[in-house]
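In what follows, a structure is listed as structure tokens, so that the remarks can point back to it.
When reading the values below, keep in mind they use all heavy atoms of this one structure, side chains included, and skip hydrogens, waters and symmetry mates. Numbering of ligands and ligand atoms starts at 1, following listing order.
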Amino acid sequence: MSFTLHVDATRWRANAKAVHDRTPGIVPVVKGNGYGFGKQHLALETAALGADSIAVGTYAEAPEVLEHFPGSVQVLSPWRPFLRDVIYDERLVHTVGRVVDLPELAAASPVGTRVIAEAGTSMARHGFDRHAFAAASAALGHLDLDGLAIHLPMAGSNLSEADNLAAALQASRLQTTTIYVSHLTDAELAVLRERRPELDVRPRIGTSLWLGDRGALTVNAQVLDRHQVSRGERIGYRQHAMPRDGHLLIVSGGTAHGVGLEAPSGASGVRQRATSIAKGGLDAAGLALSPFVVGGKQRWFAEPPHMQASMLFLPHTVTPPAIGESITAGVRFTTTHFDAIEFA
Ligand SMILES: *Cc1c(COP(=O)(O)O)cnc(C)c1O
């Protein structure tokens, strides 16, 4: 059984190289499930691109990337005294965002341990308030400051916030001229670089680098079984009655792969849902839209997905694929685990 990601490697690498080449100082982000590709694979791709730094989400993710990438490995999640899995390595760069943590980190770590100071932004996630920059600078001790991180929201225009923090850095005693920025457009980066020529602006990028050309990626599920069903016939763990005559398809890909764990993007809008109910659509019959595509359309789950497989309902008007045929699926890569990834 397999739920597989097929990568058109030439096309996929061309996108990554284009993003890398037009973004000086880029720090590729390879956190979580490695954007669907796996962190080890992206670590090797990052090394091949020639980047000197890479970013992971957590300490737990760091060893795998340290092993396969020869440069600096930044941990995006901040150091805290209560974390049990912190590792120290001369190539690992910690993120700090609270003055109280600095003496404790300094005491726990070798001389010259590298840190990035995260600035608090409108994200309101982690980071030093700009008024704490002086206190942070005084508390660094033997820690080696690599830069200031500015993590911005995805919504709205972020340029003025980034520029204000860059100005606050330059006016502060923090001894660095590097800023690591997230979620600025190419145009915003260009303006920031022009306004702050003394600063080295280094963008941290994952999605557009690894998932910027969706056309290079195809997700395939296999039809494992197929059954003809009649309206009213009961099927599955929950013994749902089928809304019409048609076919059941049992396809590879279930909750263990991350299928069905988020609102599928198709008919999720309120207006589309209303239209569907008005037309007597299958969500009016209590079915949910699946990410699996047959005959060019997303199809309905006959019941909620199982761990390793999903049951789909196909109305009798649709020609069902044969057992053993592959169908495609539109998934969210950052929450999907594939049985296999094939580069061709
Ligand atoms: C995840 C993350 C990024 C990368 O975000 P993308 O949207 O995948 O490019 C950058 N910076 C920080 C701090 C992050 O947590």
Side-chain angles (χ1 to χ4, degrees), residues 12 15-39 41-43 45-46 49 51-62 64-65 69 71-80 83 92-98 114-128 145-159 161-162 165-166 169 176 178-189 192 200-214 216-217 258 262 265 331-336:
W12 183 68
N15 172 71
K17 185 166 172 13
V19 173
H20 172 270
D21 291 355
R22 71 164 183 259
T23 316
I26 188 171
V27 179
V29 176
V30 300
K31 62 193 174 186
N33 67 342
Y35 291 80
F37 303 92
K39 288 185 289 296
H41 188 82
L42 296 188
E45 295 286 342
T46 301
L49 284 170
D52 66 358
S53 298
I54 200 168
V56 296
T58 64
Y59 285 100
E61 294 173 355
E64 183 183 357
V65 173
F69 179 75
S72 301
V73 178
Q74 304 177 356
V75 178
L76 295 170
S77 201
W79 187 90
R80 291 286 184 261
L83 294 179
L92 188 130
V93 188
H94 306 264
T95 297
V96 290
R98 300 193 308 171
R114 293 160 65 190
V115 298
I116 289 172
E118 178 162 5
T121 68
S122 53
M123 275 287 289
R125 195 162 76 174
H126 308 296
F128 295 106
L145 184 62
D146 262 24
L148 181 77
I150 303 176
H151 184 207
L152 299 160
M154 303 217 207
S157 171
N158 295 312
L159 180 60
E161 184 171 9
L165 283 165
L169 170 66
T176 182
T178 301
I179 57 175
Y180 295 97
V181 294
S182 311
H183 301 139
L184 290 180
T185 63
D186 289 349
E188 289 172 327
L189 285 169
L192 188 60
D200 190 10
V201 178
R202 303 202 56 178
R204 302 209 273 206
I205 297 177
T207 303
S208 63
L209 183 64
W210 309 121
L211 298 172
D213 183 1
R214 298 292 170 112
L217 309 173
E262 41 126 13
S265 52
V331 302
R332 182 175 172 188
F333 289 91
T334 50
T335 56
T336 305

TODO: Could you tell me how the ring of F37 sits relative to the ring of F333: parallel (under 30°), tilted (30 to 60°) or perpendicular (over 60°)?
DONE: parallel
Open item on the list: Can you list everything that forms a ring-ring contact (aromatic ring centres under 6.0 Å, His included) with H126? Sequence neighbours excluded, please.
Closed with: none
Name each N or O atom in ligand 1 that is under 3.5 Å from a protein N or O, and give the partner atom and the distance.
{"residue": "ligand 1", "atom": "5 (O)", "partner": "H183", "partner atom": "NE2", "Å": "3.1"}
{"residue": "ligand 1", "atom": "7 (O)", "partner": "H183", "partner atom": "NE2", "Å": "2.8"}
{"residue": "ligand 1", "atom": "7 (O)", "partner": "T207", "partner atom": "OG1", "Å": "3.4"}
{"residue": "ligand 1", "atom": "8 (O)", "partner": "Y35", "partner atom": "OH", "Å": "2.6"}
{"residue": "ligand 1", "atom": "8 (O)", "partner": "T207", "partner atom": "N", "Å": "2.9"}
{"residue": "ligand 1", "atom": "8 (O)", "partner": "T207", "partner atom": "OG1", "Å": "2.6"}
{"residue": "ligand 1", "atom": "9 (O)", "partner": "G206", "partner atom": "N", "Å": "2.9"}
{"residue": "ligand 1", "atom": "9 (O)", "partner": "T207", "partner atom": "N", "Å": "3.2"}
{"residue": "ligand 1", "atom": "11 (N)", "partner": "S182", "partner atom": "OG", "Å": "2.7"}
{"residue": "ligand 1", "atom": "15 (O)", "partner": "K31", "partner atom": "NZ", "Å": "2.8"}
{"residue": "ligand 1", "atom": "15 (O)", "partner": "R125", "partner atom": "NH2", "Å": "3.4"}

Task: Closest heavy-atom pair and its distance - A62, L92 - done: CB-CD1, 3.8 Å
Task: Least distance between heavy atoms, G34 atom then L42 atom - done: O-CD1, 3.2 Å
Task: Flag, side chain of T335 to backbone of R332, donor-acceptor distance under 3.5 Å - done: yes
Task: Salt bridge R202-D52, side-chain N to carboxylate O under 4.0 Å - done: yes
